[in-house]
Asks: 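Before anything else, here's the structure in question.
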Amino acid sequence: MSKIFVDKKAYEVNPKQNLLEACLGHGLDLPYFCWHPAMGSVGACRQCAVKVYRDENDTRGRIVMACMTPITENMLVSIQDPEVKDFRAGIIEGLMMSHPHDCPVCDEGGECHLQDMTVMSGHNYRRYEFRKRTFRNQYLGPLLNHEMNRCIQCYRCTRFYNEYAGGKDFGPQVLRNLVYFGRAEDGVLENEFSGNLVEVCPTGVFTDKTLKQHYTRKWDLQMAPTVCAHCALGCNTTAGERYGTLRRIVNRYNSQVNGYFLCDRGRFGYEHVNSARRIRSARARRDGQLADIPKAEALDRFSSFAAAGKMIGIGSPRSSLEANFALRALVGPENFYAGISDAAHRLLGEMLAILRQGPAPASLLQIEHADAALVLGEDVTNVAPRMALTLRQTVRQVWLDKAEKMRIPRWQDHAVRELAQKDHGPLFVASPYATRLDDVATETHRAAPDDIARLGFAVAHILDSASPEVPGLPEPVRAQAERIAKALQEAARPAVVSGVSTGSVAVVRAAADVARALAKAGKPVAFALAMEEMNSLGLAMMEPKPLGEALEAARRGDAQTVVVLENDLYRRAPAETVDALIGAAAHVVVLDSLEGRTTEKAELLLPSTPFAEADGTVVSSEGRAQRFFRVYPPPGDIQDAWRWLADVLGLLTRPEGLSWKNLDDLVEAVARTFPALERIRDAAPRASFRIAGAKIPRQPHRYSGRTSMLANIAVSEPKPPEDPDSALSFTMEGAPVEPPAALQPFFWTGGWNSIQSVNKFQEEIAGPLRGGDAGVRLIEPAAGSAPGYLNTVPAAFTPRSAEWLVVARHHIFGSEELSANAPAIAELSPKPYVALGAEDAASLGAAEGAAVEVKLEGGSARLPLRIESGLPRGVAALPAGLGPLDGITLPIWGRIELTR
Amino acid sequence: METPLTAKIRPDGEMIDLAAYERAGGYQAARKAMQMAPQEIIEEVKKSNLRGRGGAGFPTGQKWSFVPLGADAPRPKYLVANGDEMEPGTFKDRVLLEGDPHEVIEGMIIAARAIEAERGYIFLRGEYTDAGQRIGRALHEAKEKGYLGKNIFGSGTDFDLRLHMSGGRYMCGEETGLLNALEGKRANPRAKPPFPQVSGLFGKPTIVQNIETLCNVPHIIEKGAEWFQKLSLTGDGGTKLYGASGKVKKPGCWELPMGTPLRELLEKYAGGMQDGVQFRGLLPGGASTDFLTTEHLDVPMDFTSVAKAGSRLGTGTMIILDDKTCPVGMVHNLEHFFAQESCGWCTPCWSGLHWAEEILWAIETGRGTPADLERLEYICKMTAPGNTFCALAPGAAEPLQSALKYFREDFERHIREKRCPWRDGQ
């Protein structure tokens with residue numbers, strides 16, 4: 001640590017930070033625009049000017065930009081010097097020269113960094129009296145609204161979109177006071193992280209178009225800390241509600257997980273909560289039709305089915321640990337099945353076993369800090385999107401390290417980029433098809449899943465000859481494996497990423513062997529396995545039985561009642577299999593929040609809560625248990641699935657049902673039952689947690705209209721709903737003290753109304769939140785454990801005549817079930833298709849767009865052909881989770897014929 | 001009086017070709033340099049006290065000495081000749097580029113040897129099409145002869161030199177903006193440090209040097225630092241290409257000893273003011289320098305003396321203001337240029353210069369107020385060196401702040417009379 005003096009007061013600061021970071025980190029108010037904690041400094045806006053002094057005798061000092069100034073021991077700084085204050089006032093006045101002052105009609109108003117900085121810098125009246133520059137705005141797609149007239153030319157958008165996220169279809173145009181940030185022409189922004197512009201832009205140039213459909217100011221939002229429901233990374237988010245509708249998602253900083261950024265699926269997928277297809281009351285089948293019934297009747301029916309016995313439960317990777325556990329308790333562990341395909345179940349089980357033996361699953365932060373990476377068979381951008389943004393930073397580490405050696409600080413962003421140019425650290429991407437990371441890959445490898453596994457095993461063998469050899473490897477592949485192994489070996493902190501994309505156990509094992517070989521060589525390897533759903537790993541940790549066995553049980557007559565927890569089984573197995581399972585049961589009970597193919601088959605349908613109305617704990621693919629909290633009380637009879645199940649247990653007078661009063665009781669039960677889940681207790685404080693005797697308010701201190709917002713129904717202000725499950729309240733009242741990170745409902749502090757206020761909650765800038773980031777890691781293999789190799793090298797892939805190996809191709813927009821119900825995401829989802837390589841398409845005599853018949857075991861469909869030149873011969877691809885064949889587990893061999 | 005830089009230039013305006021250049025003693029310095037170690041060349045240039053002729057006047061030898069030398073240095077290293085002569089009123093590099101392109105090339109060959117650069121670019125102002133053709137021809141001739149390319153002069157070292165025609169922005173003349181432009185990016189300036197000598201073109205060690213500066217190098221190597229020092233009347237070594245434009249009798253460009261007094265330039269070489277007009281002031285070194293007036297006419301035109309007088313030598317090519325030209329109009333014209341050429345990167349520049357331009361036009365068209373003058377002074381303060389990202393805005397402020405000082409009465413009269421006395425007739 002170094003000591004500096006700011007306005008004569010001494011501060012201990014991290015010498016690797018710049019002066020702006022040091023000042024902000026100590027809570028000093030210094031306005032800024034172009035600097036961003038994750039993107040570093042470029043010195044464009046000149047807003048963070050301070051004075052530095054040569055020594056005590058220097059009374060004049062010199063104006064410098066704090067963001068561009070390294071820390072020196074005992075440096076003398078002034079923020080309050082009148083001359084530099086006047087300079088900052090002049091800068092904001094210049095920035096605001098053409099700003100439209102349209103705060104009342106601007107979506108950013110009330111949480112606008114530009115507003116905050118304007119107030120902080122003391123600029124009140126515009127003195128510029130000439131014609132303002134005006135711009136034409138662009139259509140940028142369904143996610144973002146564009147209002148360029150508000151722009152202050154801070155360059156943050158292009159720095160994020162082009163430089164940080166690798167976007168190509170956007171950038172600065174023109175010069176002087178006329179710089180225009182946009183696309184060459186109107187059109188949907190192509191980058192999967194474009195939504196971050198909402199937060200990156202300090203003003204209202206880029207705003208959330210989905211929020212605009214049901215606009216509410218930040219101060220009027222009731223907010224709660226939640227966890228993204230759209231993949232397994234567990235990005236922390238803040239969700240906001242008003243009048244019973246979910247209004248938007250913003251990033252909730254977690255230094256280990258998502259940092260400052262989300263993917264567009266995570267930010268804009270929330271609108272399934274507001275869907276017209278929401279199930280809002282219990283329903284029972286009468287005369288073949290589902291009709292609303294009272295809650296009590298639903299519980300009676302459910303408990304009568306349960307009392308009759310022979311009940312099985314099908315759990316869900318998109319349900320909390322608590323919900324799955326309650327189902328397991330109701331039906332008994334022997335009757336609790338995984339609500340995923342058997343192949344997915346096997347793969348997930350394999351991944352869990354691998355992670356438990358080690359290397360431990362890496363956080364996104366660890367992956368970001370890696371200096372070389374192998375992505376084996378994973379389409380990261382489409383399965384675990386936020387990790388792709390991380391990997392784009394991983395490839396920069398080599399040059400960040402080099403820059404540091406040349407005494408260019410890591411935060412001096414453009415200097416590091418100018419030094420690195422287009423060069424980047426080693427990244428190898430093996431996939432059956434092109435991926436969105438290929439543009440920063442050192443090398444790519446296109447192959448069928450088994451051949452990708454063989455490449456991985458070959459790399460592991462080169463790294464450590466104790467791992468199995470790959471027989472019959474073609475020379476070019478062997479040479480490539482050598483290059484990959486060399487790069488990983490030379491790296492100080494290599495990363496290995498794989499996951500569910502190929503659906504191949506062999507690929508995951510090969511990745512594990514590479515990671516293990518590196519660990520054995522003493523490397524701190526960052527190992528990550530991408531998974532699809534919010535609680536994929538948590539479900540696996542509860543040891544459910546495979547779904548296939550549920551069908552057998554049903555056929556045996558052991559499944560008189562099938563309880564389906566928050567799951568569309570038609571996405572998990574071919575329709576005929578699901579129909580057989582449902583057909584064999586006398587009663588089908590479904591708990592879910594959205595109507596779907598499975599809910600249509602229910603005899604009894606119970607409305608459960610989507611994430612924004614639910615409390616629970618989930619385990620991310622990092623093995624991080626995180627709690628999410630409801631934003632608003634579920635309306636009407638809707639309640640958490642675990643509560644429905646606990647109610648039934650109560651009616652049955654089972655001890656669990658009688659003792660489970662709130663979420664903490666469930667958490668406790670889960671922790672006691674599964675030693676591996678014991679630490680979920682620590683994922684967040686209990687419901688009894690108080691600060692100065694008070695709960696933590698979900699409503700901000702400026703929440704308006706609370707006495708009048710329901711006055712059209714009743715003029716007396718209703719009593720705020722109770723929340724028995726958490727230490728959060730549905731009120732404005734509470735201690736003005738920052739809560740633990742896991743309970744942080746929103747970032748907001750005096751003078752800092754925008755999301756930039758997160759600076760004020762960190763131990764140091766871009767460091768952990770004070771008191772520690774949210775969540776607890778559950779999977780930490782014992783140090784020094786040396787797991788063996790997985791010795792399962794598959795045979796080389798051989799194309800078949802007239803048959804193709806059909807692999808799944810994930811799509812960030814469309815493949816994930818819940819977000820596909822959000823209109824903006826649905827608009828970006830591809831239409832169903834089948835893809836073939838150019839040669840295979842030619843051999844079939846089919847052109848792009850031709851109708852082809854795809855015949856798979858379990859279903860057939862006519863689909864348009866998409867030609868993807870990268871696909872290997874003998875391999876076809878179907879979009880995962882969408883289209884008529886979405887229930888068939890891939891990869892699978894099938895026939896593809898040109899429709900005559 | 002020796003005029004080494006321009007001595008070989010043909011009076012008919014045609015370029016001197018390789019054969020003629022060599023007949024006149026050309027490329028002897030390059031041959032000599034091939035026998036010298038890089039350090040020796042740098043030392044000689046340091047001793048000569050050659051200072052950069054692009055405007056900033058940084059000692060050339062010292063600049064070169066920051067480039068890492070030897071086997072461990074990053075490769076390739078680059079030498080870039082800055083021929084993006086876009087400073088208003090400046091046309092001195094053009095004289096050299098069009099008249100003696102081989103002198104530029106020879107200077108670059110020697111400079112490249114000094115910093116062990118294997119690649120070079122001549123970054124040329126887009127409008128300098130004649131110079132572009134001549135440089136192109138000279139490059140071809142030099143390559144044919146083995147003076148450029150692989151194993152130059154049989155020395156075992158390579159120097160690949162290419163011509164790049166600028167797309168055309170004032171910002172491209174700023175050395176780091178130039179580097180970005182050369183890389184195909186927006187011509188925004190780069191932060192310093194790191195300096196281009198360490199991380200320049202394509203992230204590699206790079207020297208960016210003005211054309212006139214480079215043309216001095218062969219003569220220093222050929223005749224020695226001591227000879228070069230003696231060319232000058234003052235401490236800054238060598239000769240200087242001075243120029244004059246405005247209502248003088250003989251506008252032009254002349255190579256004269258460094259430190260030639262202003263009065264001599266104005267009266268002897270530029271022939272004094274045209275009949276019927278009076279001298280009011282001048283910008284001594286291009287548009288981005290402070291005005292000097294009658295009281296400064298005895299100032300020797302070198303870096304130190306002009307700075308002492310409150311301006312900068314800049315490019316050494318002056319723009320002269322006369323009493324029949326409105327100073328407000330002139331400054332508006334200049335600020336219009338600077339505002340237009342701002343790259344839009346840093347706030348004081350893109351907002352301040354635009355505002356200044358608007359105010360000046362308001363004053364010039366009779367809409368000014370006394371508060372406008374304070375605002376202009378404030379903009380000059382906001383754009384002071386260090387407050388902005390690069391030197392464009394501080395340069396733009398120089399004629400404005402000095403005009404407010406020396407011609408304040410003219411500004412006030414515009415405001416008082418709500419008109420431009422020159423525009424509307426006195």
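Every chain is numbered from 1 and lettered A, B, ... according to where its sequence line falls, protein lines coming before strand lines.
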Asks: Select one option (side chain, backbone, both, neither) describing which atoms of B:Glu183 are under 4.5 Å from chain A's heavy atoms.
Replies: side chain

Asks: Does NZ belonging to B:Lys185 count more than 12 external heavy atoms closer than 6.0 Å?
Replies: yes

Asks: Find the one option among A:Arg131, A:Arg133, A:Gln412 whose heavy-atom pairs under 4.5 Å with chain B are most numerous.
Replies: A:Gln412

Asks: Check whether A:Gln47 gets within reach of chain B through its side chain, its backbone, both or neither, counting any heavy atom under 4.5 Å.
Replies: neither

Asks: How far does CD1 of A:Ile63 sit from CE of B:Met382, to the nearest 0.5 angstrom?
Replies: 8.0 Å

Asks: Tell me, side chain or backbone of A:Ile152 under 4.5 Å from chain B's heavy atoms, or both, or neither?
Replies: backbone

Asks: Atom SG in B:Cys346, atom CD1 in A:Ile91: separation rounded to 0.5 Å?
Replies: 7.5 Å

Asks: For B:Arg162, does the CZ atom sit with more than 12 other heavy atoms under 6.0 Å from it, leaving out its own atoms?
Replies: no

Asks: Against chain B, label A:Tyr155 side chain, backbone, both or neither, depending on which of its atoms sit under 4.5 Å from a heavy atom there.
Replies: side chain

Asks: Looking at B:Gly200, B:Cys343, B:Pro74, B:Pro189, which has the largest count of heavy-atom pairs under 4.5 Å with chain A?
Replies: B:Cys343

Asks: Can you tell if the side chain of A:Leu175 reaches within under 4.5 Å of the side chain of B:Arg169, non-hydrogen atoms only?
Replies: yes

Asks: Above 12 or not: heavy atoms from other molecules or residues under 6.0 Å from CG of B:Asp72?
Replies: no

Asks: Compare every heavy atom of A:Gln421 with every heavy atom of B:Gly203, then report the nearest pair and how far apart it is.
Replies: N-NE2, 3.5 Å

Asks: Do A:Phe130 and B:Ile359 make a side-chain contact, defined as non-hydrogen atoms from C-beta onward lying under 4.5 Å apart?
Replies: yes

Asks: So which heavy atom on B:Pro348 is nearest to which on A:Arg46, and how close?
Replies: CD-CG, 3.4 Å

Asks: I'd like to know if the side chain of B:Thr347 and the backbone of A:Cys45 have a donor-acceptor N/O pair within less than 3.5 Å.
Replies: yes

Asks: When heavy-atom pairs shorter than 4.5 Å are enumerated against chain A, which of B:Gly386, B:Ala187, B:Gly352, B:Pro194 gives the highest number?
Replies: B:Pro194

Asks: Looking at B:Lys192, I'd like to know if its NZ atom is crowded, meaning that more than 12 non-hydrogen atoms belonging to other residues, nucleotides or ligands lie closer than 6.0 Å.
Replies: yes

Asks: With a 4.5 angstrom heavy-atom cut-off, could you sort out which part of B:Pro193 is near chain A: side chain, backbone, both or neither?
Replies: backbone

Asks: Which class fits the ring pair B:Trp355 and A:Tyr128: parallel under 30°, tilted 30 to 60°, perpendicular over 60°?
Replies: perpendicular

Asks: Select one option (side chain, backbone, both, neither) describing which atoms of B:Leu353 are under 4.5 Å from chain A's heavy atoms.
Replies: neither

Asks: Once you round to the nearest 0.5 Å, how far does SG of A:Cys34 lie from CZ of B:Phe389?
Replies: 9.0 Å

Asks: Search all heavy atoms of B:Tyr378 against all heavy atoms of A:Gly90 and return the closest pair with its distance.
Replies: OH-CA, 3.2 Å

Asks: So, taking the atom named CG in A:Leu95 and the one named CH2 in B:Trp350, what distance separates them when rounded to the nearest 0.5 Å?
Replies: 5.5 Å

Asks: Rounded to the nearest 0.5 Å, what's the gap from CZ on A:Arg127 to CD on B:Glu374? Could you check?
Replies: 9.5 Å

Asks: Does any N or O in the side chain of A:Glu418 come within less than 3.5 Å of the main-chain N or O of B:Ser199, such that one atom is a donor and the other an acceptor?
Replies: no

Asks: Please confirm whether the backbone N or O of A:His414 pairs with a side-chain atom of B:Arg190, one donor and one acceptor, at under 3.5 Å?
Replies: no

Asks: Does B:Lys308 have more than 12 heavy atoms from other residues, nucleotides or ligands lying within 6.0 Å of its NZ?
Replies: no

Asks: Taking A:Gly94, A:Ser98, A:Ala44, A:Ala420 one by one, which has the highest count of heavy-atom pairs under 4.5 Å against chain B?
Replies: A:Ala44

Asks: Do you know which of A:Val42, A:Val64, A:Val179 has the most heavy-atom pairs with chain B at a distance under 4.5 angstrom?
Replies: A:Val42

Asks: Is A:Arg417 in contact with chain B via its backbone, its side chain, both, or neither, using a 4.5 Å heavy-atom distance?
Replies: neither

Asks: Given 3.5 Å as the limit, does a donor-acceptor pair link the side chain of A:Arg176 with the main chain of B:Ser342, or not?
Replies: no

Asks: Backbone N or O of A:Val174 within a donor-acceptor pair of the B:Arg186 side chain at under 3.5 Å?
Replies: yes

Asks: Would one find more than 12 heavy atoms of other residues, nucleotides or ligands at under 6.0 Å from atom CZ of A:Arg126?
Replies: yes

Asks: Output, in order, the C-alpha distance, side-chain angles, deciding distance and verdict of salt bridge (Lys or Arg N to Asp or Glu O under 4.0 Å) for B:Arg375 and A:Glu93.
Replies: CA-CA 12 Å; B:Arg375 169 62 35 186; A:Glu93 185 171 17; 3.6 Å; yes

Asks: For B:Lys381 and A:Asp86, which heavy atoms make the closest approach, and how far apart are they?
Replies: NZ-OD2, 3.4 Å

